[in-house]
Every structure is written in C-alpha cells, then in structure tokens.
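Treat the numbers as computed from the prediction; the structure is a model and nothing was measured.
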Number of protein chains: 2
Amino acid sequence: MTDVISTSRDADRFWSRIANELAQAIGQGVYAPGVRLPSEHSLAQQFGVNRHTIRRSLASLVQRGLVNASQGRGTFVASFAVELVLGKRTRHRHSLRHAGLRGALQVLKSALVEAGSDEAKALCVPEGSALLYLQVLGEGAGQPLHVSERFFPLPRFANLAQEVHNTGSISEAFARHGVADYLRQESRISARLPEKDVAELLAQSVSRPALLVTSVNVDTEGVPIEFSKAWFAGDRVTLTVNHHDS
Amino acid sequence: MTDVISTSRDADRFWSRIANELAQAIGQGVYAPGVRLPSEHSLAQQFGVNRHTIRRSLASLVQRGLVNASQGRGTFVASFAVELVLGKRTRHRHSLRHAGLRGALQVLKSALVEAGSDEAKALCVPEGSALLYLQVLGEGAGQPLHVSERFFPLPRFANLAQEVHNTGSISEAFARHGVADYLRQESRISARLPEKDVAELLAQSVSRPALLVTSVNVDTEGVPIEFSKAWFAGDRVTLTVNHHDS
DNA sequence: CGATATTTGTCCGTATGTATA
DNA sequence: GTATACATACGGACAAATATC
C-alpha cells in the first residue's frame with residue numbers, strides 16, 4: 001500500500017522540519033524578538049527527538065539569522081531594518097534622521113598609528129605617516145548599525161577623537177576643526193561575512209551577511225581627510241546610493 | 001609543571017583548528033579549486049579525530065564558501081573575485097572591461113507582465129501596465145557574476161528581448177531602440193543571503209552573502225526606461241560607487 | 001544493466017567542558 | 001558553590017547519492 005508518508009512534502013529531515021516549525025512559530029510571534037526559546041533539552045522532549053537533532057535545527061535558525069545562541073544563557077529570537085543614504089555628502093546623523101531615527105556615534109578606540117599601504121594610498125600620504133585611528137560604533141533605534149575603522153591625517157586632526165566623543169558626530173567634529181564641508185570621493189562595497197569581533201559589535205551572527213564599505217572623504221579643496229572601512233549590519237541596513245546626488 | 005599546552009594559542013577547538021588548517025592548505029593551493037578533498041573518513045584518520053569532528057570542520061568550510069560538499073561524490077574546493085563599477089553610467093560591458101574581463105549577458109527568461117506596485121512606482125507608470133520582463137544572467141571570467149530581473153515599459157521597448165539576445169548587451173539593445181544614452185538614477189544596495197534559485201544561478205552557496213542592487217535607469221529626458229533587481233555573487237564581486245562620476 | 005563499494009547525510013546515545021544564572 | 005544550558009567530542013548505525021566494476 002502506498003501509504004501516506006507525510007501530509008505535506010515538507011517532511012524532509014527531522015531537523016529541517018523542526019527548524020521550519022520553529023521558524024514559523026517565530027514568524028507568528030509565538031516566540032517574540034528577544035524572547036528565549038525553550039532549552040535544547042526541553043525542545044528535544046517536546047519534539048520527541050534527540051538533543052542533537054534539535055541542535056541541528058537551531059544551527060539552521062542561527063544560520064538564517066532568526067535566533068542567536070549564547071552559551072550558558074539560552075537561545076534568543078532576533079530582529080529589524082534601517083535605510084541609510086550613501087551619497088556625495090554622507091552624514092550619519094542626516095541618514096538616520098531621514099530614516100526617522102535618532103542615533104549617535106560612539107568612539108570605541110582611539111589611537112595613533114602609522115599609515116599602512118592602503119591608508120597611505122587613500123589619504124595621499126607617505127607610508128608610515130602618523131595617523132589618528134578611531135574605531136567607531138554607530139547606533140540607531142537602539143541597535144548597532146555599523147562599526148567602522150577611520151583614519152585621519154594627523155597634524156591636522158590631532159584633537160578629533162575628543163570632539164567626536166563630545167559631539168557624537170564626525171561631521172560636527174570636522175566642523176570644529178575648520179572643515180565646514182566635505183565630500184565622499186568613492187565607495188567600495190562588498191558583501192562579506194563578518195569576523196567574530198565585528199559580528200559581536202554589530203550584535204549579529206557571523207553567518208549573516210554584512211556590507212563592507214570602504215570610502216575616502218575629501219575637503220572642499222579635494223584634500224583627503226578621512227579613510228574609513230565601515231561594516232554595516234546587513235540584516236538591519238540597506239544602503240541607498242544617490243547618483244544624481246543632493 | 002605548567003606544561004606547554006600548545007605552541008600557539010590558536011588551539012581553540014579541534015574542529016576549528018582543523019578547519020583553519022584545511023583553509024590554509026586551500027589558500028596555499030595544496031588543494032586547488034575544483035579538486036576533491038580527502039574523504040571525511042580519511043581526514044578523520046589523518047587528524048586522529050572522530051569523523052564527526054571532521055564533519056564540523058567541513059561544515060565550517062562549506063559555510064565560509066571555501067568548499068562544496070556533494071553526497072556520494074565528495075567535498076570539493078571552490079573559487080574567485082571581480083570588481084564592478086556602479087556609477088551614473090553603469091554599463092556591464094565597460095565594468096568588465098575595466099576589470100580586464102570579457103563577458104556577455106544571457107537572457108534566461110523573457111515575458112510580458114503587468115506592473116506590480118514596486119515596478120509601477122519606479123517606472124512612473126500605472127499599476128497593471130504592460131511591461132517587458134527579462135531575467136538576465138551576467139557572466140565574467142567564465143563565471144556567473146550577477147543575475148537580474150529587469151522591467152521595461154512596453155509600447156516603447158517591445159523588441160528589446162530580441163536585441164539583448166542578439167547583442168548580449170543592454171546598452172546596445174537600448175541604442176537600437178533609439179536610446180543612445182541613459183543614466184542611473186538611484187541604487188539601493190543590501191547584503192542578503194540568496195534564495196536557492198538565485199544561489200544556483202550564481203553558482204554559489206545559499207549561505208554566502210550576495211549583494212542585492214535595485215536600480216532605475218532613465219533616458220536623457222529623465223523618463224524611466226528600466227527598473228532592475230540584480231543579485232551579485234558576493235564572493236566574486238565588489239561594487240565600486242563613483243560619487244563624482246565619470 | 002546490476003551489484004558493490006565509497007562518500008556524504010542523518011540520527012541516536014554518552015561524556016565532558018565551559019559560560020552563565 | 002550549585003544548577004542550568006550551550007559547546008565540543010567521541011562512538012555507532014543506517015540512509016541516500018554517487019562512483020565503479
């Protein structure tokens with residue numbers, strides 16, 4: 001007898017079936033964003049399978065970005081999406097305001113470094129030149145949106161770190177250094193999976209894509225004033241490139 | 001005695017160590033692109049661990065896009081990276097030529113469709129208007145680089161599909177429809193994990209990031225002539241946005 | 001074509017380590 | 001310190017897809 005094997009053909013594998021069932025439950029809000037899922041042990045009992053089978057299902061959900069697992073704490077449901085504008089005059093604040101959000105920049109690290117080949121080329125300075133290095137976290141809607149490494153030529157922007165810290169804004173800090181206006185020269189965009197450290201700062205899984213944007217800002221004279229490598233949380237951010245510009 | 005636990009602190013976990021070792025071997029060409037890795041059983045013996053530990057390592061490599069596993073056949077090493085320019089005047093051919101590559105467009109599907117809300121808004125036509133729909137695959141270096149869905153307003157570009165097919169170029173097809181020049185208005189870029197069908201067309205894993213670029217092209221009069229959603233293979237493509245433009 | 005071996009995929013069971021509450 | 005929960009690793013068994021003879 002060609003018996004009914006499964007009501008729908010989504011039976012597939014146990015772990016896959018369970019993953020889909022959990023994903024659906026999450027989608028329907030049975031498990032809301034931020035909520036802890038039942039423990040692996042408990043899920044294993046619920047579904048009547050081995051704990052490893054549940055682990056396989058959860059691994060799939062982590063990979064799909066639906067949940068984040070944290071050793072010793074539990075497995076939690078994830079979230080969101082924000083649109084940022086990338087143009088000649090990109091300002092973090094303005095982008096966010098445009099998206100109806102408030103946000104600020106936070107200086108995570110500040111240091112004096114020597115220019116490597118990439119930085120030197122971008123900023124048009126000799127290799128080994130002294131640069132100001134900032135690691136900056138950008139937030140919006142209470143969530144990290146991007147984390148960036150920024151390099152500034154040094155005699156000129158010696159006190160920038162403090163200003164960024166005080167004002168929570170790069171453009172404002174520039175303004176206080178006499179740079180009232182500046183332009184973005186070029187942006188290189190790629191989709192990458194973030195390293196663990198970046199992923200943690202972005203509060204996203206290492207298996208979720210991020211946008212890596214490297215860019216150079218120049219002052220109105222065309223002199224490079226900043227080279228940056230910024231990681232954007234792919235799940236929460238869409239970049240919009242304005243070609244005719246504003 | 002505080003004995004030496006490991007020569008370097010990269011010991012981490014076995015599976016991670018093994019994964020990195022294999023990744024390095026792949027990077028050094030010990031295992032060249034396309035080559036089959038030793039079987040899990042064999043690797044387990046080589047590294048003196050359980051097969052499941054090797055499987056965990058290989059899962060990591062698959063996830064990182066370094067290898068592809070195929071049931072019954074084996075696990076094979078993967079490949080590449082190309083840079084494409086995104087500007088006011090984006091032309092697939094020119095981008096590739098810039099990257100030192102030759103490539104052509106291939107029309108996968110062609111159909112008449114009604115404008116959905118997105119397409120209608122982008123092309124400034126009423127919803128339900130007749131549009132030409134093309135699914136196009138872009139290749140370079142013998143590999144798929146992007147796959148796109150493109151919508152064209154219809155009375156105007158009735159014969160475009162044939163022209164694209166003949167010339168292997170959108171811009172050339174436009175030219176033959178009397179559009180000698182056109183501009184890109186805006187591009188929205190996000191990092192996404194591709195669906196299975198897109199991933200297959202791009203010949204990449206569903207767990208590897210892709211760049212989704214939606215954009216509108218307008219003719220010199222500012223009339224929208226094309227709305228497109230293009231998926232770029234994240235592992236092989238970097239987009240460069242030229243803000244001052246050429 | 002069929003039979004068999006190989007190779008990856010799934011699942012169960014157990015034990016131990018490690019981070020957190 | 002204790003309990004909980006996730007992480008790693010080992011072991012075995014069988015299924016499914018493929019390759020080979």
Side-chain angles (χ1 to χ4, degrees), chain A residues 3 5-6 9-22 31 34-78 196-197 199-200 203 205-207, chain B residues 3 5-6 9-22 26 31 34-78 196 200 205-207:
Chain A
D3 208 356
I5 295 188
S6 71
R9 67 110 193 63
D10 75 346
D12 238 358
R13 314 305 174 318
F14 281 172
W15 69 261
S16 167
R17 223 171 94 79
I18 292 171
N20 287 334
E21 220 162 297
L22 288 173
Y31 301 113
V35 161
R36 213 201 78 188
L37 290 185
S39 73
E40 294 174 349
H41 177 71
S42 144
L43 286 172
Q45 284 194 323
Q46 263 185 53
F47 286 97
V49 298
N50 188 275
R51 187 181 143 231
H52 288 302
T53 304
I54 292 295
R55 278 183 66 72
R56 184 67 186 82
S57 305
L58 291 179
S60 164
L61 294 184
V62 167
Q63 211 259 324
R64 286 154 64 181
L66 291 177
V67 302
N68 298 305
S70 173
Q71 188 168 353
R73 296 201 306 135
T75 304
F76 301 83
V77 180
K196 194 184 170 193
D197 52 346
E200 278 174 3
S205 156
V206 290
S207 65
Chain B
D3 210 355
I5 295 187
S6 74
R9 66 109 192 67
D10 75 346
D12 237 357
R13 313 308 175 313
F14 280 170
W15 70 261
S16 168
R17 224 172 94 78
I18 292 170
N20 287 333
E21 221 162 295
L22 288 173
I26 289 170
Y31 301 113
V35 161
R36 212 202 75 186
L37 291 184
S39 74
E40 295 173 351
H41 177 73
S42 146
L43 286 173
Q45 285 194 322
Q46 265 185 53
F47 286 98
V49 297
N50 188 274
R51 182 181 150 229
H52 290 302
T53 305
I54 292 295
R55 276 184 67 72
R56 184 66 186 83
S57 304
L58 291 178
S60 164
L61 294 184
V62 167
Q63 211 261 324
R64 286 154 66 181
L66 291 177
V67 303
N68 299 305
S70 172
Q71 188 171 354
R73 297 202 309 135
T75 305
F76 301 83
V77 180
K196 195 183 169 192
E200 276 173 4
S205 158
V206 289
S207 65

Near DNA chain D, which residues from residues 37-46 of chain A have a heavy atom under 4.0 Å away?
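Close to the strand are S39(A), E40(A).
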Gap between atoms [atom1] and [atom2], on [X] and [N] respectively (whole Å):
X      : N       : atom1 : atom2 : answer
R36(A) : dT4(D)  : CZ    : P     : 12 Å
L58(B) : dA9(D)  : CG    : P     : 14 Å
I54(B) : dT7(C)  : CD1   : P     : 14 Å
R55(A) : dA9(D)  : CZ    : P     : 11 Å
L61(B) : dT8(C)  : CG    : P     : 13 Å
R17(A) : dC11(C) : CZ    : P     : 11 Å
W15(B) : dC10(D) : CH2   : C1'   : 17 Å

Donor-acceptor contact below 3.5 Å, side chain S60(B) vs main chain R56(B)
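No, S60(B) side chain to R56(B) backbone: no donor-acceptor pair under 3.5 Å.
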Is there a donor-acceptor pair under 3.5 Å between the side chain of T75(B) and the backbone N or O of A69(B)?
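Not confirmed, T75(B) side chain does not pair with A69(B) backbone.
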Give me the atom names and distance for the closest heavy-atom approach of V77(B) to V67(B).
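Minimum heavy-atom contact is CA-CG1, 4.2 Å.
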If you take all heavy atoms of W15(B) and T53(B), which pair is closest and at what distance?
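Minimum heavy-atom contact is CB-O, 3.7 Å.
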Could you check whether any side-chain heavy atom of Y31(B) comes within less than 4.5 Å of a side-chain heavy atom of L22(B), counting everything from C-beta outward?
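Contact flag for Y31(B)/L22(B) side chains = yes.
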Bend across the helix from dG2(C)-dC21(D) to dA21(C)-dT2(D), to 10°, with axes taken over 5 pairs at each end?
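For the helix from dG2(C)-dC21(D) to dA21(C)-dT2(D), the axes at either end differ by 10°.
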With sequence neighbours excluded, residues passing side-chain hydrogen bond (donor to acceptor under 3.5 Å, both in side chains) with S70(A)
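Counting only residues at least two positions away or on another chain, S70(A) forms a side-chain hydrogen bond (donor to acceptor under 3.5 Å, both in side chains) with R73(A).
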Using the test salt bridge (Lys or Arg N to Asp or Glu O under 4.0 Å), find all partners of R55(B) that sit at least two apart in sequence or belong to another chain.
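With sequence neighbours excluded, R55(B) shows a salt bridge (Lys or Arg N to Asp or Glu O under 4.0 Å) to E40(B), given in chain and number order.
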Would you say R56(B) places a side-chain N or O within less than 4.0 Å of OP1 or OP2 belonging to dA7(D)?
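No, R56(B) has no side-chain N/O under 4.0 Å of OP1/OP2 on dA7(D).
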Can you tell me how far apart CZ (R51(A)) and CG (L58(A)) are? Round to the nearest 0.5 Å.
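Rounded to the nearest 0.5 Å, the CZ-CG separation comes to 9.5 Å.
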Could you give the distance from CG (L43(A)) to CD1 (I54(A)), rounded to the nearest 0.5 Å?
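Between L43(A) CG and I54(A) CD1, I get 5.0 Å after rounding to 0.5 Å.
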Set of side-chain contact (heavy atoms from CB on, under 4.5 Å) partners for E21(A), sequence neighbours left out:
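Once residues adjacent in sequence are excluded, the partners of E21(A) under the side-chain contact (heavy atoms from CB on, under 4.5 Å) criterion are R17(A), F47(A).
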Across nucleotides 14-21 of chain C, 5' to 3', mark each nucleotide with B, S or - according to how protein heavy atoms within less than 4.0 Å reach it.
B--BBBSS
